[in-house]
Amino acid sequence: MWPIYIKLTHSVFLKKKIHKMIPAKFLSKIGVHKLEIEGVKVKASHVTDNTSVIDHRIKQLRASLNKKRPVVGIDVKVTVEQKQQSQTSNDLLIICGGNCCLVIKLANLKDFPSSIINLLADKKICFVGFGMYSKFEKLCNVAEVGQLAARVLKKPNLSKWGLEELDKEVRKTVTDKEVRKTVTESKADVATSLPGTGAGAASCPNWKAMVFSDEEMKYAIHDAYTCCVIGDKLLGMLNA
């Protein structure tokens, strides 16, 4: 009798998701990655399904935005199902702003958190992404970073460039402008550096995984973070 009872109890226990047993105040400290990207400290959080934790992280991200030109980078990680190559699933929504990045596991959410809906509906924020039309059509208010670069720099071909090429072009333009300035700006005013780890520098993580290493997290946030930094630099040119 007892062995059967223990076996059944253990089986039920294993079916429960361990993160649902952890109090929110502890859960909020799990999945936090304190990264350094080219000397810039970035706080990236991996949230699986806890709405209260997402709300808290969104609040932190909002607080870290540049008040003069709030820019948020958006990305969606898509997995192609092995059985049906034409069938895809959106596994991760990645939001980067200021020195904060939020990696949200979409598949585990019963309802889309209102904090994310309100953030994405904020017309004071410029949302930028790369290749978003093919990833997540519902995010219609996200500007393609290539098109933004083309309009600001008045170079039409930039809309067709890849993210790494756009990064180099914008950096070069910003550097040229800074060289021509007669007033030396303080280091605190210099735009945030881009990630030193390119999207192809490491093997692609399993987007369905519940836990990421620091290097996998850098890989995950790369595109959204890069879009955010490029967008910030481009809008900064308009105010120069």
Any non-hydrogen side-chain atom of [X] less than 4.5 Å from a side-chain atom of [Y]?
{"X": "Asn50", "Y": "His56", "answer": "no"}
{"X": "Leu153", "Y": "Met237", "answer": "yes"}
{"X": "Leu102", "Y": "Ile221", "answer": "no"}
{"X": "Ile95", "Y": "Ile74", "answer": "yes"}
{"X": "Lys160", "Y": "Glu165", "answer": "no"}
{"X": "Leu235", "Y": "Asn66", "answer": "no"}

Test Cys96 against Cys227 for disulfide (SG to SG under 2.5 Å), laying out the working first. CA-CA 9 Å; Cys96 289; Cys227 286; over 6 Å; no

In chain order, what residues pass the ring-ring contact (aromatic ring centres under 6.0 Å, His included) check against Phe130, with sequence neighbours excluded?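 In terms of ring-ring contact (aromatic ring centres under 6.0 Å, His included), with neighbours along the sequence ignored, Phe130 is linked to no residue.
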
Can you classify the ring geometry of Tyr219 versus Trp207 as parallel (below 30°), tilted (30 to 60°) or perpendicular (above 60°)? tilted

Is there a donor-acceptor pair closer than 3.5 Å between any side-chain N or O of [X] and the backbone N or O of [Y]?
{"X": "Ser64", "Y": "Gly97", "value": "yes"}
{"X": "Lys105", "Y": "Lys208", "value": "yes"}
{"X": "Glu36", "Y": "Val42", "value": "no"}

Rounded distance (nearest 0.5 Å) linking atom [atom1] of [X] with atom [atom2] of [Y]:
{"X": "Ile94", "Y": "Ile104", "atom1": "CD1", "atom2": "CD1", "result": "9.5 Å"}
{"X": "Leu166", "Y": "Lys233", "atom1": "CG", "atom2": "NZ", "result": "12.5 Å"}
{"X": "Lys59", "Y": "Ser115", "atom1": "NZ", "atom2": "OG", "result": "11.5 Å"}
{"X": "Asp232", "Y": "Arg69", "atom1": "CG", "atom2": "CZ", "result": "4.5 Å"}
{"X": "His33", "Y": "Ser45", "atom1": "NE2", "atom2": "OG", "result": "8.0 Å"}

What is the minimum heavy-atom distance between [X] and [Y], and which atoms define it?
{"X": "Glu144", "Y": "Met132", "answer": "OE2-N, 2.8 Å"}
{"X": "Ser213", "Y": "Glu216", "answer": "N-OE1, 2.9 Å"}
{"X": "Leu158", "Y": "Ala149", "answer": "CD1-O, 3.7 Å"}

Apply salt bridge (charged side-chain N to carboxylate O under 4.0 Å, His left out) to Lys218 and Asp214, showing your working. CA-CA 6 Å; Lys218 280 186 179 181; Asp214 284 348; over 6 Å; no

Checking Ile230 against Leu163 for the side-chain contact (heavy atoms from CB on, under 4.5 Å) test, could you report, in this order, the C-alpha distance in whole Å, the side-chain angles of both residues, the deciding distance, and whether it holds? CA-CA 9 Å; Ile230 291 176; Leu163 192 57; 4.1 Å; yes

Against Val152, only a single residue in Leu234, Thr173, Val170 fulfils side chain to side chain contact (heavy atoms under 4.5 Å, CB included); can you say which? Leu234

Report the C-alpha separation of Asp223 and Lys77 in whole Å, then their side-chain angles, then the decisive distance to 0.1 Å, and conclude whether the side-chain contact (heavy atoms from CB on, under 4.5 Å) test is met. CA-CA 10 Å; Asp223 287 6; Lys77 296 303 182 185; 4.1 Å; yes

Salt bridge (charged side-chain N to carboxylate O under 4.0 Å, His left out) involving Asp55 - partner list, sequence neighbours excluded: none

Taking it one step at a time, do Asp111 and Thr51 satisfy side-chain contact (heavy atoms from CB on, under 4.5 Å)? CA-CA 9 Å; Asp111 299 305; Thr51 303; over 6 Å; no

Candidate pair Leu35 and Tyr225, rule side-chain contact (heavy atoms from CB on, under 4.5 Å), full reasoning: CA-CA 12 Å; Leu35 309 174; Tyr225 182 78; over 6 Å; no

Could you go through residues 116-128 and list every donor-acceptor pair under 3.5 Å that involves a side-chain atom there, pairing it with any protein atom two or more places apart or in another chain?
| residue | atom | partner | partner atom | Å |
| --- | --- | --- | --- | --- |
| Asn118 | ND2 | Ser114 | O | 3.1 |
| Asp122 | OD1 | Lys124 | N | 2.9 |
| Asp122 | OD2 | Arg62 | NH1 | 3.0 |

